[in-house]
2 protein chains.
Amino acid sequence: MTSGAQNPYPTADAGTSHVGRRIRSLREERGISLSELARRAGVGKATLSGLENGTRNPTLETLWAVTAQLGVGLASVVGTGPVVHGTAVQGVLLQAFEEEGATYELYRLVFPAGSSQLSPAHHQGVTEHLTVFAGLLRAGPADTPLLAGPGDYVTWRSDVPHTYATLGDQDVHASLLIRYPRLRNGLPDGPVREPGEVSPRGAASGR
Amino acid sequence: MTSGAQNPYPTADAGTSHVGRRIRSLREERGISLSELARRAGVGKATLSGLENGTRNPTLETLWAVTAQLGVGLASVVGTGPVVHGTAVQGVLLQAFEEEGATYELYRLVFPAGSSQLSPAHHQGVTEHLTVFAGLLRAGPADTPLLAGPGDYVTWRSDVPHTYATLGDQDVHASLLIRYPRLRNGLPDGPVREPGEVSPRGAASGR
DNA sequence: TCGTGTCGTTCCGTAAACGGAACGATCGTC
DNA sequence: GACGATCGTTCCGTTTACGGAACGACACGA
């Protein structure tokens, strides 16, 4: 891998240097020197120096050793996640859960007012579960989108193309839970329940 | 770094293989083969095979290339964060924010009923901001801890040793925001406001 | 002024992560 | 059953990230 050939990451090449800056920042906040951190983490000064300056392409093990000494998780230095569905929507992955029958990914989404977004079909059996916090959003399968306002919960099967479009002049804030069922000989386990409906505000609230 | 010599990570050695399992899992959920993912990500099949099986110690660039093709952030495969303060409390870093004057780290904490925890002093100027969701918790400076119930918000300067102890027979769920002010010639900028008080429930609610 | 200590960077030989190719295994298809 | 395609693993030469040592820059005391 000479250069980030086809890395679609927003700050692909700046990625390494961003991690370096973040680590240097964390280290300086804690008031310890490069030499000291290198000693504590059990890595060479050359390694840490190159890492902080973005001139090296560090190893997972190196990153673990360093971030553990800084008392933070690796996740906090590599950024929280990528943009989910293209350009209009800004979304970051907050957390991923791995359960017996499926993997869940929780995203925080912000749709700028007036934006719309078409997302291609996911793999079979994948479902999306969206809760709107603010604004008005029309989302769901491209042919039969659903309308959701603050507090509303919508869900649909995302193995077909689906859309997101804001209504009104307000930014839309929402959380999106994507469920990837574990494949069993090519066919997914059934979803939690049959999606394709709208729960009025509060009905799907956890607490 | 021959072996995870002094890596205090809970699953230090299992870390690499955990990342590999997670990536394999994500790949299989999407129904694409190892060869195909390697091709799309622009990495060698040998690299991806070794990565998924935990027999290699992948590079940051490799991880980026692969996770980007899987449509997830690097953070989602390396786990969300480390245990915060030792053994009793289970805590994961949800997100880290980098602002002009300070860095913030947001943790999700669960204290098992009956547990208590002593945490050493942080660097000067560091403050902790804790919101209790469920249960009853006594937390704060070791000499003058504060009491907080569901909905309560407590804050203190953590440049002295501080404690956490549950009250009652209920697990305590809470969020903890740690603020690391940026150092200016060795001295931190002032904290947001003078901490050391308790806000009654609701007073500090974000939403 | 001259040590003396520590800072972060650079140099260098070694270990290992990298990509490409070859490999056996497993599936459909004829 | 033989063939072809593709699966994931293993082998191998090249590239490069690694730790240790040497380096100049700077701060502090004698």
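All values below were derived from every heavy atom in this structure, side-chain atoms included, with hydrogens, water molecules and symmetry-related copies excluded. Proteins come first, then strands; the chains are lettered A, B, ... in the order of their sequence lines, and each starts at number 1.
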Worksheet entry | Under 3.5 Å: donor-acceptor pair, side chain of B/D171, backbone of B/A113 |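 Confirmed, B/D171 side chain pairs with B/A113 backbone.
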Discussion item. For the backbone of A/E36 and the side chain of A/S33, can you confirm whether one donor and one acceptor N or O come within less than 3.5 Å of each other?
Written reply: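 Present.
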Fill in: Pairs satisfying salt bridge (Lys or Arg N to Asp or Glu O under 4.0 Å), at least one member in residues 44-53 of chain A, at least two apart
A/R24-A/E52, A/R27-A/E52
Worksheet entry | Under-4.0 Å side-chain N/O to phosphate OP1/OP2 contact, B/R56 with C/dA16 |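 Answer is no, no contact under 4.0 Å.
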Worksheet item: Does A/T62 place a side-chain N or O at less than 4.0 Å from the phosphate oxygens OP1/OP2 of D/dA17?
Response: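 No, because none of the side-chain N or O atoms of A/T62 sits under 4.0 Å from OP1 or OP2 of D/dA17.
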Measure [atom1]/[X] against [atom2]/[N] and give the value in whole Å, please.
X: B/R39; N: C/dA21; atom1: CZ; atom2: P; value: 16 Å
X: A/L51; N: C/dG8; atom1: CG; atom2: C1'; value: 14 Å
X: A/E61; N: D/dC18; atom1: CD; atom2: P; value: 10 Å
X: A/L37; N: C/dT6; atom1: CG; atom2: C1'; value: 16 Å

Worksheet entry | By side-chain contact (heavy atoms from CB on, under 4.5 Å) - contacts of B/T166 (at least two apart) |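 Per chain and number, B/T166 pairs via side-chain contact (heavy atoms from CB on, under 4.5 Å) with B/F111, B/S115, B/L137, B/V172.
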Discussion item. If the condition is side-chain contact (heavy atoms from CB on, under 4.5 Å), which residues does B/P145 pass it with, not counting sequence neighbours?
Written reply: B/R138, B/T163
Practice prompt. Let me have a per-nucleotide readout for nucleotides 5-10 of chain D, 5' to 3', with B, S or -, counting only protein heavy atoms under 4.0 Å.
Written response: --SBBB
Item to complete: Over all heavy atoms of both residues, which pair between B/G140 and B/H162 is shortest? Give the atoms and the distance, please.
Response: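 B/G140 and B/H162 have their closest heavy atoms at O-CB, 3.0 Å.
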